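Written out below as C-alpha coordinates is the structure these notes cover.
Bear in mind that the values here come from a model prediction, so they are computed numbers and not experimental data.
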Amino acid sequence: MNDSTLPKPRRKTGVKKGFALHDWKLLLNRSNDLAQRKGNPIRSMSMEEVAQHNKEYDGWMVLHGKVYNVGPYLHYHPGGVGIMKPSLGKDGSRLFEQYHRWVGIDNLIGKMLIGYIDDTAHQNQQQQGLMSMPPPRPGRRKLDNLLTPPQPNSSDSDSEDEEKETI
(Lines give C-alpha, C1' and ligand atoms only; values in the text may rest on other atoms or scores of the structure.)
Protein backbone atom coordinates (compact mmCIF):
# COMPACT_ATOMS: atom_id res chain seq x y z
CA MET A 1 0.00 0.00 0.00
CA ASN A 2 1.40 3.34 -0.88
CA ASP A 3 1.50 6.24 1.58
CA SER A 4 -0.74 8.48 -0.50
CA THR A 5 -3.72 6.19 0.11
CA LEU A 6 -3.43 6.32 3.89
CA PRO A 7 -5.53 8.92 5.68
CA LYS A 8 -3.61 11.87 7.04
CA PRO A 9 -3.12 11.58 10.79
CA ARG A 10 -5.06 13.97 12.99
CA ARG A 11 -3.09 16.77 14.48
CA LYS A 12 -3.53 16.03 18.15
CA THR A 13 -2.62 18.55 20.78
CA GLY A 14 -2.41 16.02 23.56
CA VAL A 15 -1.97 16.78 27.21
CA LYS A 16 1.19 16.90 29.26
CA LYS A 17 2.03 14.06 31.58
CA GLY A 18 -0.01 14.47 34.75
CA PHE A 19 -2.85 16.30 32.97
CA ALA A 20 -5.02 13.41 31.76
CA LEU A 21 -8.69 12.93 32.62
CA HIS A 22 -7.76 10.58 35.45
CA ASP A 23 -5.49 13.24 36.95
CA TRP A 24 -8.29 15.82 36.69
CA LYS A 25 -10.72 13.51 38.50
CA LEU A 26 -8.15 12.95 41.28
CA LEU A 27 -7.67 16.70 41.65
CA LEU A 28 -11.46 17.25 41.77
CA ASN A 29 -11.88 14.64 44.50
CA ARG A 30 -8.98 15.87 46.60
CA SER A 31 -9.58 19.61 46.37
CA ASN A 32 -11.72 21.51 48.85
CA ASP A 33 -12.22 24.72 46.84
CA LEU A 34 -11.06 24.24 43.27
CA ALA A 35 -13.66 26.73 42.04
CA GLN A 36 -11.97 29.33 44.28
CA ARG A 37 -15.25 30.57 45.77
CA LYS A 38 -13.53 30.94 49.17
CA GLY A 39 -16.66 30.02 51.05
CA ASN A 40 -18.90 32.41 49.10
CA PRO A 41 -22.30 31.05 48.07
CA ILE A 42 -23.23 30.33 44.48
CA ARG A 43 -24.85 33.53 43.26
CA SER A 44 -26.47 35.28 40.34
CA MET A 45 -24.18 37.33 38.10
CA SER A 46 -24.24 39.30 34.86
CA MET A 47 -22.50 38.57 31.57
CA GLU A 48 -20.54 41.80 32.08
CA GLU A 49 -19.01 40.35 35.24
CA VAL A 50 -18.23 37.07 33.48
CA ALA A 51 -16.57 38.96 30.60
CA GLN A 52 -13.96 40.37 33.01
CA HIS A 53 -12.66 36.84 33.68
CA ASN A 54 -11.21 36.01 30.28
CA LYS A 55 -7.61 35.08 31.12
CA GLU A 56 -5.97 31.67 31.29
CA TYR A 57 -5.26 32.08 35.00
CA ASP A 58 -8.72 33.58 35.70
CA GLY A 59 -11.14 32.07 33.19
CA TRP A 60 -14.88 31.85 33.63
CA MET A 61 -17.28 30.38 31.12
CA VAL A 62 -21.06 30.17 30.86
CA LEU A 63 -22.58 26.82 29.90
CA HIS A 64 -26.38 26.63 29.74
CA GLY A 65 -26.86 29.59 32.06
CA LYS A 66 -24.39 28.37 34.70
CA VAL A 67 -21.08 30.10 35.33
CA TYR A 68 -18.01 27.90 35.82
CA ASN A 69 -14.48 28.86 36.82
CA VAL A 70 -12.73 26.77 34.16
CA GLY A 71 -9.25 28.25 34.76
CA PRO A 72 -8.01 25.23 36.74
CA TYR A 73 -9.39 22.85 34.07
CA LEU A 74 -7.82 24.49 30.99
CA HIS A 75 -4.59 22.47 30.99
CA TYR A 76 -6.55 19.22 31.43
CA HIS A 77 -8.70 19.80 28.33
CA PRO A 78 -7.70 17.25 25.66
CA GLY A 79 -7.86 19.93 22.92
CA GLY A 80 -5.42 22.12 24.79
CA VAL A 81 -5.65 25.57 26.33
CA GLY A 82 -5.68 27.37 22.99
CA ILE A 83 -8.95 25.86 21.85
CA MET A 84 -10.76 27.08 24.97
CA LYS A 85 -9.22 30.57 25.24
CA PRO A 86 -11.66 32.24 22.80
CA SER A 87 -14.60 31.13 24.99
CA LEU A 88 -13.23 32.48 28.28
CA GLY A 89 -15.44 35.23 29.67
CA LYS A 90 -18.24 34.28 27.27
CA ASP A 91 -21.13 31.90 26.78
CA GLY A 92 -19.64 28.68 25.41
CA SER A 93 -22.93 26.76 25.29
CA ARG A 94 -23.19 26.68 21.51
CA LEU A 95 -19.64 25.37 21.05
CA PHE A 96 -20.06 22.89 23.89
CA GLU A 97 -23.21 21.49 22.29
CA GLN A 98 -21.53 21.35 18.90
CA TYR A 99 -18.48 19.38 20.02
CA HIS A 100 -19.29 17.83 23.41
CA ARG A 101 -23.04 17.24 23.54
CA TRP A 102 -22.44 13.78 25.04
CA VAL A 103 -20.24 15.04 27.91
CA GLY A 104 -21.82 15.30 31.37
CA ILE A 105 -20.92 18.81 32.50
CA ASP A 106 -21.76 18.10 36.13
CA ASN A 107 -19.40 15.13 36.29
CA LEU A 108 -16.55 16.93 34.58
CA ILE A 109 -16.63 20.49 35.96
CA GLY A 110 -19.67 20.55 38.25
CA LYS A 111 -17.51 21.42 41.27
CA MET A 112 -16.30 24.49 39.38
CA LEU A 113 -19.76 26.09 39.47
CA ILE A 114 -19.59 29.61 40.88
CA GLY A 115 -22.93 31.10 39.86
CA TYR A 116 -25.86 31.51 37.52
CA ILE A 117 -26.42 34.13 34.88
CA ASP A 118 -29.08 36.67 35.79
CA ASP A 119 -31.96 35.54 33.57
CA THR A 120 -33.25 38.99 32.62
CA ALA A 121 -29.84 40.27 31.47
CA HIS A 122 -29.10 36.99 29.72
CA GLN A 123 -32.42 37.01 27.85
CA ASN A 124 -31.87 40.63 26.74
CA GLN A 125 -28.46 39.74 25.33
CA GLN A 126 -29.91 36.73 23.52
CA GLN A 127 -32.64 38.85 21.96
CA GLN A 128 -30.05 41.37 20.78
CA GLY A 129 -28.14 38.52 19.14
CA LEU A 130 -25.07 38.92 21.34
CA MET A 131 -25.03 35.21 22.13
CA SER A 132 -26.74 32.16 20.83
CA MET A 133 -27.98 29.39 23.06
CA PRO A 134 -28.51 25.99 21.52
CA PRO A 135 -31.92 24.40 21.56
CA PRO A 136 -32.53 22.40 24.72
CA ARG A 137 -31.48 18.77 24.71
CA PRO A 138 -34.23 16.36 23.78
CA GLY A 139 -35.99 14.76 26.72
CA ARG A 140 -34.52 11.51 27.93
CA ARG A 141 -36.50 8.51 29.07
CA LYS A 142 -35.71 7.38 32.57
CA LEU A 143 -34.08 4.00 32.95
CA ASP A 144 -36.59 2.80 35.50
CA ASN A 145 -39.34 3.37 32.91
CA LEU A 146 -37.47 1.14 30.47
CA LEU A 147 -36.92 -1.64 33.00
CA THR A 148 -40.42 -1.73 34.47
CA PRO A 149 -42.80 -4.00 32.58
CA PRO A 150 -46.01 -2.34 31.43
CA GLN A 151 -48.88 -2.61 33.88
CA PRO A 152 -51.99 -4.38 32.57
CA ASN A 153 -55.09 -2.24 32.13
CA SER A 154 -57.86 -2.78 34.62
CA SER A 155 -60.16 -3.78 31.75
CA ASP A 156 -57.67 -6.52 30.73
CA SER A 157 -57.56 -7.95 34.25
CA ASP A 158 -61.38 -7.94 34.45
CA SER A 159 -61.67 -9.94 31.25
CA GLU A 160 -59.05 -12.45 32.53
CA ASP A 161 -61.06 -12.86 35.77
CA GLU A 162 -64.22 -13.50 33.76
CA GLU A 163 -62.44 -16.15 31.67
CA LYS A 164 -61.23 -17.90 34.85
CA GLU A 165 -64.76 -17.95 36.27
CA THR A 166 -66.22 -19.58 33.17
CA ILE A 167 -63.70 -22.42 33.20
**OP:** Check whether any side-chain heavy atom of D106 lies under 4.5 Å from a side-chain heavy atom of L113, and answer yes or no.
**Re:** no
**OP:** If a pair satisfies salt bridge (charged side-chain N to carboxylate O under 4.0 Å, His left out) and one of its residues is in residues 19-40, list it, with sequence neighbours excluded.
**Re:** none
**OP:** Mind listing the closest non-hydrogen atom pair of M112 and P72 along with its distance?
**Re:** CE-CG, 3.5 Å
Original post:
Can you find a heavy atom in the side chain of R43 that is under 4.5 Å from one in the side chain of V67?
Top reply: no
Original post:
Is any side-chain heavy atom of L34 closer than 4.5 Å to a side-chain heavy atom of Y73?
Top reply: no
Original post:
Where do I109 and Y68 come nearest, in terms of heavy atoms and distance?
Top reply: O-CD2, 3.3 Å
Original post:
Are any of the side-chain heavy atoms of V81 and H75 separated by less than 4.5 Å?
Top reply: yes
Original post:
Which is it for L21 and L108 under the side chain to side chain contact (heavy atoms under 4.5 Å, CB included) test, yes or no, and what are the steps along the way?
Top reply: CA-CA 9 Å; L21 178 62; L108 189 63; 3.7 Å; yes
**OP:** Measure the acute angle between the ring planes of H100 and F96, then classify it against the limits of 30° and 60° as parallel, tilted or perpendicular.
**Re:** tilted
Subject >> Identified side chain to side chain contact (heavy atoms under 4.5 Å, CB included) partner of M45 from the options D118, V62, V50 >> reply: V50
Subject >> Student check: side-chain heavy atoms of L95 and Q98 closer than 4.5 Å >> reply: yes
Subject >> Closest contact, heavy atoms only, Q36 versus N69 >> reply: OE1-ND2, 3.5 Å
Original post:
Is W60 reaching over with its side chain to a backbone N or O of E49, donor-acceptor style, under 3.5 angstrom?
Top reply: no
Original post:
Can you tell me how far the OH atom of Y99 sits from the CD1 atom of I83, to the nearest 0.5 Å?
Top reply: 7.0 Å
Original post:
What is the distance from atom CG of N29 to atom NZ of K111, rounded to the nearest 0.5 Å?
Top reply: 5.0 Å
Original post:
More than 12 heavy atoms of other residues, nucleotides or ligands under 6.0 Å from CG of L26: is that the case?
Top reply: yes
Subject >> M84 side chain near L74 side chain, heavy-atom distance below 4.5 Å >> reply: yes
**OP:** Kindly compute the distance separating CG (L88) from NZ (K55), expressed to the nearest 0.5 Å.
**Re:** 9.5 Å
**OP:** State, yes or no, whether a side-chain contact exists between N54 and K90 at a heavy-atom distance under 4.5 Å.
**Re:** no
**OP:** Answer whether the closest heavy-atom distance between the side chains of I117 and D91 falls below 4.5 Å.
**Re:** no
